[in-house]
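Order of the sequence lines fixes the chain letters, A, B, ..., with proteins taken first and strands second; residue numbering starts at 1 for each chain.
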There are 2 protein chains.
Amino acid sequence: MEKDSARVDPVSILEIARRAHVSPATVSRVFNRPEKVSAATREQVRAICNELGYRPNASARTLRTQRSQVLGVILPTLSNPVFAECLQGIAQATAALGFSIMPATTDYRVESEQEAVATLQSFGVDGTILVVSDAETSVALQTLAQRRSPYVLVYNRHPFHPCVSVAGDTALCDLVHELVQLGHRRIAMVCGKLDASDRAQQRHSGFMQGMHDAGLLPEPTIQVPFIETAIEEVARVLRTPYRPTALVCSNDLIAIRALRAAHECGLRVPSDLSITGFDGISLGRDLTPALTTIVQPNHDMGRKGVELLVRALRDGRQPTASESITLACHFHRGESCAQAPSAHCADT
Amino acid sequence: MEKDSARVDPVSILEIARRAHVSPATVSRVFNRPEKVSAATREQVRAICNELGYRPNASARTLRTQRSQVLGVILPTLSNPVFAECLQGIAQATAALGFSIMPATTDYRVESEQEAVATLQSFGVDGTILVVSDAETSVALQTLAQRRSPYVLVYNRHPFHPCVSVAGDTALCDLVHELVQLGHRRIAMVCGKLDASDRAQQRHSGFMQGMHDAGLLPEPTIQVPFIETAIEEVARVLRTPYRPTALVCSNDLIAIRALRAAHECGLRVPSDLSITGFDGISLGRDLTPALTTIVQPNHDMGRKGVELLVRALRDGRQPTASESITLACHFHRGESCAQAPSAHCADT
DNA sequence: CTGAAAGCGCTAACAC
DNA sequence: GTGTTAGCGCTTTCAG
């Protein structure tokens, strides 16, 4: 008899109250302040709730309490496993703490960052975890800050904002040192769009620093604005006579393409050419050759971000820049790096 | 003078109404039925909204209208790029249609599926896009169905549910045929936990069918319950004297580990051993050797799921099994497969 | 074309 | 320990 398309409307707190012969307030207390309800009524109410599969309506609760138990998440893209892994960490940590998440992806477009912030705010998220293109100039970040809406940056590093990040510049500087130790002199960096990510910039400046420290002149940076064409861009350079003996890629995805480019140019990695990545996506470990890279704890970055944010939330305050966390990243000596080919390091 | 920690409370519709010298109802109409408001007032109200950065409070709207403009998403994990890519597709499609998403990951645990459904329902999601372990037995799915809450399955295939999927069994059957054409006779399938995923089961049965059609006896299936130990499990088999000449892996992640296992056993892919995957994660294309695999349109699976769901929502109904979509998946002839080694196909 | 008023489901004072 | 009540911000009849 029932109309097939009719949504079964969820029972409300009144229905529970009626069945349990108590007031709605008591039912509410069972959920929010169970200790203020006598054990008997509490259990009875719980029984009825379970029986009917009742859960308090989150919108009503949010409207009333001004707290949503939802965290907004803004990421560039989930097509890069770095952010997917991070979101996985965020999802697990939030679930464990009783929060839900509402993510948005920006595809590295700053307008999307702002749009995402606005949308998330309209949902009354209790806080936001985000990766912005550039923490220094991000309007989205400014909006959040001036609204005093709690947030924590992930991956971005900035002295005035609460961040969970790694010291990418230092790591790259050290990595260059490793390459130099291996006899490499002609080292080129391969970067995505530098202006789309302050991380790429930091890594690049760490690279320059490392080269400078080693007294080396860096080869021209290879820019690969689009991942689709990365292989040809890199291959072009690899086909030049005085090609680099090592390629320092600003992330793992680019490194994997560089690996491919080397293969297409008939170069063997690592004997003819060394290649390094950055990010530590979990797949990198299982590649052949296993990627030499700077491993970031992507999953943990998300988790720490959540924990930092939720801790502040529980204290009724916003996270501060002074709470920023720098996570350790480590050099993973994979198989994509080796001694520089002898022909190229005759000068040592 | 202002207390630093005080949240800047977002302006409400009343504030806008007051400033515009109109009633709240009119402001509401500007957002919901702009055509019913005179152009003059409309523009004036809009101007004030922009100036103050006003956006209607989503919780209040949801509470009032019983529609949230939010879709729930339930996925096993984002650590597998398949689902990350799919979620990326979902995120883009929903944003384009004016919806937000609230995702939850289950780590393949069925209890988490139920918990996720319950949580999402409490938020009043308008619909749910989900991947379950087993569509046939999923309690989460039953809950959704009996509550008449609109949902669309993605990846899962089931005659009684609306699904966006590919014919994994057929694809694998064809793939076996390709391998047989290449002279392979000793072919083994490598699977994850079969009981955790109906897709893996379908692929496995497609494999068996393909072997049967070719008049071949399948080698014992290699089970790799945990991805961490996959490499050793596969390596163990590869070290046996009458090892398979081809490994059909139930997904790309396993295939990449199998590639690694082959390398560790001193086998060359594809000359000594052929390996195939399934999923078409975007990285597979750039591996060396490029992965031979069945490519699913992961991004599009998500997008189609959203479109199917939203279309139904707009018609005020739930998606039906008859609307299920089977997307084309295609065999990608990478570089990880070749003619069977001659020693092993002397019988041809 | 615009306004007044009720109420979505819940929680938190405040009474008792 | 429990109930009564007001109201969170919005939309939507219903009047005018």
Starting from [atom2] on [N], measure out to [atom1] on [X] and report it in whole angstrom.
X: B:L14; N: D:dG7; atom1: CG; atom2: P; value: 13 Å
X: B:R61; N: C:dG9; atom1: CZ; atom2: C1'; value: 18 Å
X: B:Q66; N: D:dC10; atom1: CD; atom2: P; value: 17 Å
X: B:R67; N: D:dT12; atom1: CZ; atom2: P; value: 8 Å
X: A:Q69; N: C:dT11; atom1: CD; atom2: C1'; value: 14 Å
X: A:I13; N: D:dT4; atom1: CD1; atom2: C1'; value: 14 Å
X: A:R18; N: D:dG3; atom1: CZ; atom2: C1'; value: 17 Å
X: B:I16; N: D:dC10; atom1: CD1; atom2: C1'; value: 13 Å

Quick one: on DNA chain C, does B:L63 or B:S38 contact a more 5' nucleotide (nearest heavy atom)?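 Checking each residue's closest nucleotide, the 5'-ward one belongs to B:S38.
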With DNA chain C as reference, determine whether A:R64 or B:A60 sits nearer its 5' end, using the nearest nucleotide of each.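 The residue closer to the strand's 5' end, by nearest nucleotide, is B:A60.
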Measure centre to centre between the rings of B:F123 and A:F123, then say whether the value is under 6.0 Å.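 Centroid separation for B:F123 and A:F123: 6.0 Å or greater.
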Could you tell me whether the phosphate oxygens of [N], OP1 or OP2, come under 4.0 Å of any side-chain nitrogen or oxygen in [X]?
X: B:N32; N: D:dT11; result: yes
X: A:S23; N: D:dG3; result: yes
X: A:Y54; N: C:dC10; result: yes
X: B:T41; N: C:dT2; result: yes
X: A:T26; N: D:dG3; result: yes

Assign B:F31 to base, sugar-phosphate, or nothing according to its heavy-atom contacts below 4.0 angstrom with the strands shown. nothing
Touch class at under 4.0 angstrom, heavy-atom based, for B:S28 against every strand present: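 Since a base atom lies under 4.0 Å of B:S28, the category is base.
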So which nucleotide from C:dT2, D:dG3, D:dC10 ends up closest to the side chain of B:P56? D:dC10
Output the single nucleotide from C:dG3, D:dC10, D:dA6 whose closest atom is nearest the side chain of B:R29. C:dG3
Please assess A:S38 against A:T41 for the test side chain to side chain donor-acceptor pair (under 3.5 Å), listing each intermediate value before the final yes or no. CA-CA 6 Å; A:S38 78; A:T41 27; 2.5 Å; yes
Considering only NZ, NE, NH1 and NH2 on the basic side and carboxylate oxygens on the acidic side, decide whether B:E113 and B:R109 come within less than 4.0 Å. no
I'd like to know if A:R46 and A:E51 make a salt bridge, using a cut-off of under 4.0 Å between side-chain N and carboxylate O.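 No.
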State the CD-CZ distance between B:Q121 and A:R55, to the nearest 0.5 angstrom.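 Result: 10.5 Å between the selected atoms.
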Specify the residue among A:A25 and A:E35 whose closest nucleotide of DNA chain D lies further upstream toward the 5′ end.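 First, find each residue's nearest nucleotide; the 5'-ward one identifies A:E35.
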